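Data block below; observations after.
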Amino acid sequence: MPDSTEQESFSGRRILFLRSTSHVTFAAFIAGGLSHGQFQYMQYPPLPEERTEKLEKLYNPAQARDYLERNLIHSRKQLLEKLDHGFFDLVLILDYDGSLFRYIRMKRLQKIRNLLGQVKNLFANNWSGTSRFRELRYIRGVPLTPEELATRVPIAVVDLDDWICLPPSVFELLRHCSLYFKREVPFNRFFLYYQSRPAPWCSWRKKLAPLCEKVQNIPLGIEDAKYFSLKSMRSKRKDIDIFYCGQPTSTPRLLALKYLQQLRETTGWKIVIEESLPFDEYCDRISRSMITLSVSGGGWDCFRHYEAVALGSIPFMDAPTVDSTWWRKLPENVFFDNTFINFKSKLGHFLSSPVLRETCFALVEESVEKYMLHSRIVDYILNVSLSKNNSS
C-alpha cells in the first residue's frame with residue numbers, strides 16, 4: 001500500500017469509471033469504494049435496469065444501486081467532450097468479457113443489423129419501459145476502442161473474477177492498459193493465458209512477458225458498510241469451537257468435511273457443520289465460534305474469510321493456491337497445509353491457547369481493516385496507477 005503522504009498527493013484527481021454489465025455486483029463494489037475515497041469520479045455508461053437484478057443478493061441492494069447511479073455521464077457526446085478536453089487523470093475499467101467495446105469493434109453492416117435487431121425488440125415489446133432504451137444506449141455506449149481511449153488518458157483495469165485464466169476477449173484491454181489488477185492471480189503469470197495457449201508456446205511466452213508484468217494481485221475484499229455492520233453483531237459468547245458452513249463444491253471442501261466429522265467423533269471439541277443457512281443464522285454461528293473454517297471453493301479468496309473476521313472469529317484457511325499477496329503476509333498459524341497434514345495439530349494449538357487466538361486475530365483484523373475494505377482496495381488501485389503514470 002502507498003503511504004499516507006503519497007495518497008494525499010493524488011487527492012482530487014479525476015477518475016472515469018467505465019463498467020460493463022458482465023459483473024454488476026463487482027461494479028457496485030468499486031463504485032462504493034470510490035464513494036468513500038479521496039478522488040473525484042464519474043461513471044459511464046448508465047446500466048440497463050434489468051441488468052442490475054443481481055444486486056439483490058448483496059448485503060444492501062438499495063445502497064449498491066445508489067452507488068452505481070452516482071455521478072453519471074449520460075451520453076456519448078458528454079463522454080467524448082470530457083475525454084477530448086483531458087478532463088480525466090485515469091480511466092478505471094471493469095469489463096471481464098469485453099462487452100463494453102463489442103459494438104465499437106463491429107463492422108458497419110454488423111452495427112446496422114445490431115441496431116435493427118434492438119429496434120425490433122422494442123416494437124415486439126410495445127416500447128414498454130425505459131429500461132429497453134437504456135439497454136440500447138448501453139450497447140452503443142462506448143465510442144472508442146481501448147487503443148483510442150489509451151491515447152487520451154491512461155487506463156487501469158480491475159478483474160475480480162475468480163477464474164485464474166483470462167478470456168481472449170480482454171487481451172486487447174491488457175495490451176493497452178498501464179496496469180491490470182486481478183483477484184486470483186496464479187503464481188506463474190503465464191498461466192493467465194492457458195485457455196488460449198498458442199503454438200509455439202515457447203516463442204509466444206517472450207511476447208507475453210511484458211504483459212505479465214502489468215498484472216498485480218488485489219484481494220476480493222469486503223464492502224465497508226457490510227464489514228462494520230457485521231462487526232457490530234459480534235458475540236461475547238463463544239460456545240462453538242469450530243464452525244463450518246459450505247457446499248461440497250471442491251476437493252478441499254470434501255476433505256475438510258471428512259476431517260471435521262472425524263474430529264467431532266474423536267475429540268471433545270464442539271464442532272458445528274452446516275451445508276447451508278439463512279444469512280442471519282450463518283452470522284450468528286460465526287459470531288459464537290472461536291474458529292471458522294474457510295476453505296477454497298470456486299476460487300481461493302472468498303467472502304467467508306472477511307465475514308469471519310468482521311464477526312470476531314478466526315478464519316482458518318487452506319494455504320493459498322494463488323498469489324494472494326495480501327493474505328500470505330499474515331501469521332502462518334491461520335493457514336493449514338493443502339495436504340491436511342497439520343490440520344488437526346493447528347486446530348488443537350488454537351483451541352488450547354487463548355493468547356495465540358487473540359494475537360493472530362488482532363493481526364488479521366488489522367490487516368483486513370487497513371488493506372481489504374473496498375474503499376482501501378480502490379484507493380490502492382488508483383494510487384498505484386497514478387504513481388506509475390506520473391513516473392512514466
Side-chain angles (χ1 to χ4, degrees), residues 1-2 4 7 10-11 13 15-20 22-43 47 52 54-71 90-96 156-162 179-185 216-233 279 283 294 299-311 315 324-327 329-330 364-386:
M1 277 277 180
S4 58
Q7 288 182 2
F10 294 122
S11 62
R13 293 295 180 93
I15 310 301
L16 171 62
F17 179 31
L18 286 181
R19 66 275 171 87
S20 77
S22 52
H23 280 307
V24 68
T25 53
F26 293 154
F29 295 167
I30 295 172
L34 286 166
S35 71
H36 287 92
Q38 57 181 314
F39 300 92
Q40 299 179 39
Y41 71 97
M42 301 191 78
Q43 303 187 77
L47 299 177
T52 61
K54 290 186 177 180
L55 296 177
E56 291 301 322
K57 67 181 182 181
L58 297 183
Y59 190 70
N60 190 334
Q63 182 68 79
R65 282 194 174 83
D66 176 62
Y67 287 149
L68 290 172
E69 294 294 327
R70 291 184 186 180
N71 306 330
L90 181 74
V91 176
L92 188 63
I93 297 178
L94 179 75
D95 185 24
Y96 175 68
V157 180
V158 181
D159 181 352
L160 290 171
D161 197 80
D162 60 6
L179 288 170
Y180 193 102
F181 297 90
K182 179 167 173 52
R183 165 196 173 203
E184 303 289 321
V185 177
Q216 297 199 16
N217 171 247
I218 52 172
L220 172 61
I222 183 170
E223 300 163 79
D224 297 51
K226 178 182 180 181
Y227 178 84
F228 290 109
S229 176
L230 294 180
K231 189 172 180 177
S232 69
M233 297 165 56
F279 190 69
C283 292
S294 190
W300 182 85
D301 198 355
C302 70
F303 290 119
R304 188 183 289 102
H305 297 350
Y306 309 94
E307 291 162 348
V309 178
L311 289 160
S324 189
T325 308
W326 309 95
W327 285 100
K329 296 177 180 178
L330 296 177
V364 176
E365 180 184 44
E366 179 186 21
S367 185
V368 168
E369 294 186 1
K370 190 173 181 180
Y371 302 123
M372 302 186 198
L373 301 180
H374 284 161
S375 61
R376 302 284 190 175
I377 295 170
V378 170
D379 274 353
Y380 169 75
I381 290 169
L382 298 180
N383 276 293
V384 171
S385 300
L386 291 167

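Atom set for the values below is all heavy atoms of this structure, side chains included, hydrogens, waters and symmetry mates excluded. Keep in mind that this is a model prediction, so the values were computed, not measured. Each residue takes its place number in the sequence, starting with 1.
A donor-acceptor distance shorter than 3.5 angstrom exists from the side chain of Ser232 to the backbone of Ser229, with no hydrogens or angles considered. Remark: the backbone N or O of Gly221 is paired with a side-chain donor or acceptor of Tyr306 at under 3.5 angstrom. Of the possible donor and acceptor atoms, one in the side chain of Trp326 sits under 3.5 Å from a partner among the backbone N and O of Asn217. Gln43 places a side-chain N or O within 3.5 Å of a backbone atom of Tyr67 that can act as its donor or acceptor partner.
In this structure the side chain of Ile222 never reaches within 4.5 angstrom of the side chain of Met372, judged on heavy atoms. Between His374 and Ile30 the shortest side-chain heavy-atom distance does not fall below 4.5 Å. Arg19 is listed as a side-chain neighbour of Leu68, based on a closest heavy-atom distance under 4.5 Å. Residues Tyr227 and Val368 form a side-chain contact, since some pair of their non-hydrogen atoms from C-beta on lies under 4.5 Å apart. By the 4.5 Å heavy-atom criterion applied to side chains, Tyr41 and Ser35 are counted as neighbours. Side-chain contact between Glu184 and Asp301 is present, with heavy atoms from C-beta onward closer than 4.5 Å. At least one side-chain heavy atom of Leu382 sits under 4.5 Å from a side-chain heavy atom of Leu34. Side-chain contact between Tyr59 and Phe303 is absent, with no heavy-atom pair separated by less than 4.5 Å.
Considering CG of Asp379 and NE2 of His36, their distance stands at 11.0 Å, rounded to 0.5 Å.
Residues Glu307 and Lys226 are paired through a salt bridge, judged by an N-O separation under 4.0 Å between the basic side chain and the carboxylate.
Phe29 has its ring centre less than 6.0 Å from the ring centre of Phe26.
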